Number of protein chains: 2
Amino acid sequence: MTSVPQHSCSNCSMREICLPMGVGKQDIDRLENLVQNSKIHHQNDVVIRQDDAFHTLYAVKSGMYKSVKLNSDGEEYVVGFHLPGEIIGLDAIYPEVYTSSLIALTNSVLCQLDYEQLVTLSASIAPLQHQLMRLSSKEINTTQAFQSTQTAEQKLASFIHNLAIRNEVRGFSATELHLAMTRQDIANHLGMAAETVSRLLKQFQGRDVLDIKHREMSILDPAGLLLLTGCAHS
Amino acid sequence: MTSVPQHSCSNCSMREICLPMGVGKQDIDRLENLVQNSKIHHQNDVVIRQDDAFHTLYAVKSGMYKSVKLNSDGEEYVVGFHLPGEIIGLDAIYPEVYTSSLIALTNSVLCQLDYEQLVTLSASIAPLQHQLMRLSSKEINTTQAFQSTQTAEQKLASFIHNLAIRNEVRGFSATELHLAMTRQDIANHLGMAAETVSRLLKQFQGRDVLDIKHREMSILDPAGLLLLTGCAHS
DNA sequence: CGATCAATTGATAGAGGTCAAGACGCGTGG
DNA sequence: CCACGCGTCTTGACCTCTATCAATTGATCG
């Protein structure tokens, strides 16, 4: 893990979906001053440890991270995966400790923001305050989106579709995905066995919905994939 | 559904867990002015319709509500249940429409807050701003708490335990619960069949963990219930 | 006091978990 | 450049949990 000089929000390709969204030119430098040195991580680096005191929010600049929660039995649960432009740590505000550990899935970069400073600043920059609330709200939605009596097939299809959409929003391909996580991570996240993920992916290939080689996925039939999800997602 | 004169936050028994938490005496009347007429609902009243434009947040004053999401196939999913002091609608900020319908499970009362006014006010009352973020953060936690490979038994035990804790925090009994919702609602919320809920409740009774008559539940062995959850919850 | 909805109980079947073995890919070092 | 070893992924066989279907009982309300 290495610290590098401050990056600027104004030059960041994620500024339109990240915290600066809606913040005017005259205010964006006040936000930039708040962004501390970015940190470069390598695969499997542990960035946040669960139960550590919360002081800073993180924004993904590049790469991919996963959040992992350990329960009292030592079993772990993969809460989710984080793409560029996403804010990490909003769930830690209430308990004042991080509720999960954060691990880099590939070479990645994070921006750091002191939470107290950010809240203080947002009181005088209305668009920043709104964006903070919007991002929190979005987080509530994404976490409550799944659940219900879905089959394993629907869950996995929804997961892939969701990844594709998030990729597209970020200006990446909506059909060519690199899976930085293991099958086991996906399975755990969706609450199923890794074997089931493997079998279903093979099945999706057989129906020409997608093509997978190792960690590289091509979505051949986006409409077919949407059908497999069982319902339209946002 | 009836409108009644404004209720005051300062006299409300939920002020220490609801929005006013931490707000000083001199500021609390500014918050009260923002609270519009409370609304009284009866069982099965539909308060919010999914996809309606979002403008106001709600706070439960008394009773119980459920949030229900309809997907494109017409299947419904019970997102959650709302107790006094809880804020409803935070998930609607980002999409700017309500993402689920809100239905009263019993005779209940709601406070209404205009979201734009609340945000504006919070910019000049730091404790209010903090509480808004805290409540959003809490919501993220509760929605992401479940999931993972839990058995039906663990899920149901966790649900009951969670209800008991929330009851206790509100100054109600931690062992005597009134279930305002149907078994089907519980089952749907937990992603299982109503028959499974029925069978498990009977099983919990057989092990003397709890006692149920109709909708009235007594938790006889809180420690035993916690064991059934499979892990310690907050 | 029937009518209706909620809850229980039993029987059956299937989705998916678990266990076990093997294949594949990748990095390391000889 | 190839061989080895480790971790990931795949594939198969089996079995369990829980959904589903169906029938009955119980509660609530006009």
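Every heavy atom of this structure was used, including side-chain atoms; hydrogens, water molecules and symmetry mates were not. Small disclaimer: the values here were computed from a predicted structure and weren't measured. Below, chains carry the letters A, B, ... as their sequence lines are ordered, and counting in each starts from 1.
Considering only side-chain N and O atoms, A:Thr196 lies nowhere under 4.0 angstrom from the phosphate OP1 or OP2 of C:dG16. Between D:dT10 and A:Arg199, no contact under 4.0 Å exists linking OP1 or OP2 to a side-chain N or O.
Nearest to the side-chain atoms of B:Thr182 among the listed nucleotides D:dC21, D:dT11, C:dA6 stands C:dA6. Closest to the side chain of B:Met192, from the set D:dA19, C:dA7, C:dG17, is D:dA19.
Atom CD1 in A:Ile212 sits roughly 14 Å away from atom P in C:dG25 (whole-Å rounding). Put simply, CD on B:Gln184 is 17 Å from C1' on C:dT4, counting in whole angstrom units. Atom CZ of A:Phe204 is separated from atom P of D:dC9 by 17 Å (rounded to the nearest Å).
With 3.5 Å as the limit, one finds a donor-acceptor pair spanning the side chains of A:Tyr65 and A:His41.
Expressed to the nearest 0.5 Å, how far CD1 of B:Ile186 lies from NE2 of B:His189 amounts to 9.5 Å.
When heavy atoms are screened at a 4.0 angstrom cut-off, B:Ala152 is found touching the sugar-phosphate backbone but no base atom.
Screening B:His161, B:Glu86, B:His82 for a side-chain hydrogen bond (donor to acceptor under 3.5 Å, both in side chains) involving B:Arg166 leaves a single residue, B:Glu86.
With the nearest nucleotide of DNA chain D identified for both B:Leu200 and B:Glu195, B:Leu200 has the one nearer the 5' end.
Note on ring orientation: taking the six-membered ring where Trp is involved, the planes of B:Phe54 and B:Tyr98 are perpendicular (angle over 60°, cut-offs 30° and 60°).
Judged by distance alone, with hydrogens and angles left aside, B:Arg215 brings no side-chain donor or acceptor close enough to the base of D:dT28 to form a pair under 3.5 Å.
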